[in-house]
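Inspection log for the structure reproduced underneath, given as structure tokens.
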2 protein chains.
Amino acid sequence: MSRGNTRQRIQDVALELFADRGYEKTSLREIAEQLGVTKAALYYHFKTKEDLVASIFDDYAARPTDELIDWASDQPTSLETKLEILRRYSECLSGAEPLFRFMHENQAALRDLSIGERMKDRVLTLLDLIREEDAPLTDQVRCSSALFTMHSTMFTMRDTPFANDEKRQAALEVAQELVAAAHHGDPEG
Amino acid sequence: MSRGNTRQRIQDVALELFADRGYEKTSLREIAEQLGVTKAALYYHFKTKEDLVASIFDDYAARPTDELIDWASDQPTSLETKLEILRRYSECLSGAEPLFRFMHENQAALRDLSIGERMKDRVLTLLDLIREEDAPLTDQVRCSSALFTMHSTMFTMRDTPFANDEKRQAALEVAQELVAAAHHGDPEG
DNA sequence: GTCTATAGGTCGATAGAC
DNA sequence: GTCTATCGACCTATAGAC
């Protein structure tokens with residue numbers, strides 16, 4: 001039962017409950033109960049509730065996203081690079097779907113926590129990498145819509161007859177199309 | 001000070017706090033304090049906290065959206081109709097921007113409340129009106145992305161040098177473009 | 001319509017035993 | 001590492017006076 005992986009077991013149970021019921025409605029008592037331990041045991045591994053949720057963010061979202069940003073920063077700012085950024089970001093998302101859904105649905109709750117600001121920083125950095133600074137407003141909307149499309153498609157259309165990977169692929173396609181349209185001006189050609 | 005408009009003053013202050021600090025973090029005590037009354041006075045006008053937030057939703061979001069849906073249901077399902085639906089929905093959004101932002105950022109908190117389900121119903125109805133049922137997945141993503149683009153553009157890009165109406169117009173343009181692409185198949189022509 | 005007062009409960013967090 | 005026991009703060013909601 002209780003080996004050296006307790007820390008990660010706490011993270012997993014916490015994420016499941018956070019994503020399912022929301023951050024504020026999930027109490028440390030519930031997390032502890034589901035694990036078969038007490039609240040005090042949680043406090044041995046994590047200093048605070050915020051510390052717990054931040055550690056989940058670090059391990060499952062911040063690290064992969066930072067790697068992507070690091071890679072992208074060394075690339076030329078061509079359309080191909082942008083499309084590849086989207087493709088890799090799509091992979092980040094699918095590797096941590098419950099976490100991203102959780103962050104998406106709990107923006108208000110996370111706003112004052114460090115994780116809210118840190119996630120926002122990363123999305124804005126990605127946005128800077130795929131859009132052109134002096135592009136017209138419509139093109140900027142296309143780029144931010146591209147990122148938002150990938151974010152939201154995983155959570156909406158949940159009761160469609162399509163598989164998750166199909167949806168992710170379709171969202172990526174639409175996102176790439178939006179960025180391509182923003183890259184060389186008018187999509188109608 | 002206390003005339004017959006107390007009910008709406010409560011709604012306004014509540015919405016402001018809900019949008020600013022989040023639903024769960026806003027207590028009835030705070031709302032009452034900001035109004036210069038006590039919690040008990042709030043309970044005279046609204047049976048519960050959920051009742052209060054539902055009344056705001058009814059007055060500022062449900063009613064305008066239902067009118068739009070009623071109108072749209074009597075129209076032919078042409079591309080022109082769809083584009084007009086988006087245009088009118090954009091107006092709904094701009095007429096109740098703080099409320100929609102609040103709902104967007106507090107999905108997890110509102111999920112178990114009636115308002116969560118009721119908003120979702122309306123968005124799905126709108127989605128049904130602008131997409132084709134047997135369209136390929138990519139086109140369905142385009143349509144849901146169109147709605148999401150309008151939703152999100154008001155809240156993201158908050159520190160851009162563009163005015164709110166400009167952004168709303170740009171979001172509408174991109175949304176219409178997405179639905180047009182979904183309507184007659186391939187956007188590349 | 002608004003008040004005071006409080007019931008009845010949950011929360012995050014800590015101290016200290018084992 | 002995990003436990004029991006508890007603290008102080010805060011919450012929604014209600015009862016009843018004015």
Side-chain angles (χ1 to χ4, degrees), chain A residues 1-59 102 105-106 108-116, chain B residues 1-57 59 102 106 108-116:
Chain A
M1 189 71 82
S2 60
R3 295 184 302 279
N5 60 348
T6 306
R7 185 188 151 94
Q8 193 187 330
R9 284 177 55 234
I10 296 174
Q11 288 178 319
D12 291 345
V13 166
L15 176 55
E16 192 185 317
L17 289 174
F18 286 156
D20 190 48
R21 316 160 52 81
Y23 178 70
E24 324 221 37
K25 278 213 286 265
T26 302
S27 69
L28 296 178
R29 182 185 56 77
E30 285 174 302
I31 298 171
E33 256 172 25
Q34 180 124 340
L35 281 162
V37 300
T38 64
K39 271 190 303 178
L42 266 48
Y43 276 100
Y44 176 80
H45 294 278
F46 301 97
K47 220 161 44 85
T48 64
K49 188 184 184 184
E50 172 168 2
D51 196 52
L52 167 56
V53 78
S55 83
I56 300 172
F57 171 73
D58 281 339
D59 294 354
F102 161 65
E105 293 180 345
N106 289 268
L110 301 179
R111 197 187 302 153
D112 304 328
L113 277 46
S114 70
I115 143 176
Chain B
M1 189 68 84
S2 59
R3 294 185 303 278
N5 61 346
T6 306
R7 185 188 151 94
Q8 192 186 331
R9 284 176 55 233
I10 296 174
Q11 288 179 321
D12 291 345
V13 167
L15 176 55
E16 190 185 319
L17 289 174
F18 285 155
D20 190 47
R21 318 159 53 82
Y23 179 70
E24 324 222 36
K25 280 213 286 263
T26 303
S27 69
L28 296 179
R29 182 185 55 78
E30 285 173 302
I31 298 172
E33 256 171 26
Q34 180 124 344
L35 280 162
V37 300
T38 64
K39 273 187 302 178
L42 266 48
Y43 276 100
Y44 175 81
H45 294 277
F46 302 97
K47 219 160 47 85
T48 64
K49 189 184 183 184
E50 172 168 1
D51 197 53
L52 168 57
V53 78
S55 83
I56 300 173
F57 171 73
D59 294 354
F102 161 65
N106 288 269
L110 302 179
R111 196 187 303 152
D112 304 327
L113 278 46
S114 69
I115 142 176

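All chains are named by letter (A, B, ...) in the order of the sequence lines, taking the proteins before the strands, and each is independently numbered beginning at 1. Only heavy atoms go into these numbers, but all of them, side chains included; no hydrogens, no water, no symmetry mates.
Distance CD1 (B:Ile31) to P (C:dT2): 15 Å, rounded to an integer number of Å. In this structure, the OH atom of B:Tyr23 is 12 Å from the C1' atom of D:dC11, given to the nearest Å. C:dT10 atom C1' lies 13 Å from atom CZ of A:Arg21, rounded to whole Å. Note: NE2 (B:His45) to P (C:dG1) measures 6 Å, nearest angstrom. Atom NZ of B:Lys39 is separated from atom P of C:dT6 by 13 Å (rounded to the nearest Å). If you take CZ of B:Phe46 and P of D:dT12, they are 15 Å apart, rounded to a whole angstrom. Nucleotide C:dC3 holds its C1' atom 15 Å from the CD atom of B:Glu33, rounded to whole Å. Per the geometry, OH belonging to B:Tyr44 stands 19 Å off P belonging to D:dC18, to the nearest Å.
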(request) Tell me, with the steps shown, if B:Val53 and B:Phe46 meet side-chain contact (heavy atoms from CB on, under 4.5 Å). (result) CA-CA 9 Å; B:Val53 78; B:Phe46 302 97; over 6 Å; no
(request) Would you please test A:Asp112 and B:Lys25 for side-chain contact (heavy atoms from CB on, under 4.5 Å) and show each step? (result) CA-CA 11 Å; A:Asp112 304 328; B:Lys25 280 213 286 263; 3.4 Å; yes
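Distances from the side chain of A:Lys49 to the nucleotides C:dT2, D:dA13, C:dG12 place C:dG12 closest. Set against C:dA13, D:dT2, C:dC11, the side chain of A:Tyr43 has C:dA13 as its closest nucleotide. In this structure, the nucleotide among C:dA13, D:dA13, C:dC3 sitting nearest to the side chain of B:Ala40 is C:dC3. Distances from the side chain of B:Val37 to the nucleotides C:dA13, D:dT12, C:dT2 place C:dT2 closest. Across D:dT2, C:dG12, D:dT12, the shortest atom-to-atom separation from the side chain of A:Ala41 is found for D:dT2.
Under the side-chain contact (heavy atoms from CB on, under 4.5 Å) rule, B:Ile10 has a single partner from B:Leu52, B:Leu15, B:Leu28, which is B:Leu52. Applying side-chain contact (heavy atoms from CB on, under 4.5 Å) to B:Leu35 and the options B:Asp12, B:Val13, B:Thr6 leaves one that passes, B:Val13.
For the OP1/OP2 pair of C:dT10 and a distance below 4.0 Å, the side-chain nitrogens and oxygens of A:Arg29 include no atom meeting the criterion. In this structure, B:Ser27 reaches the D:dC11 phosphate: one of its side-chain N or O atoms is under 4.0 Å from OP1 or OP2. Contact between the side-chain N/O atoms of B:Thr38 and the OP1/OP2 oxygens of C:dG1 is not found at any separation under 4.0 Å.
The line from OG1 of B:Thr26 to CZ of B:Phe102 is 8.0 Å long, rounded to the nearest 0.5 Å.
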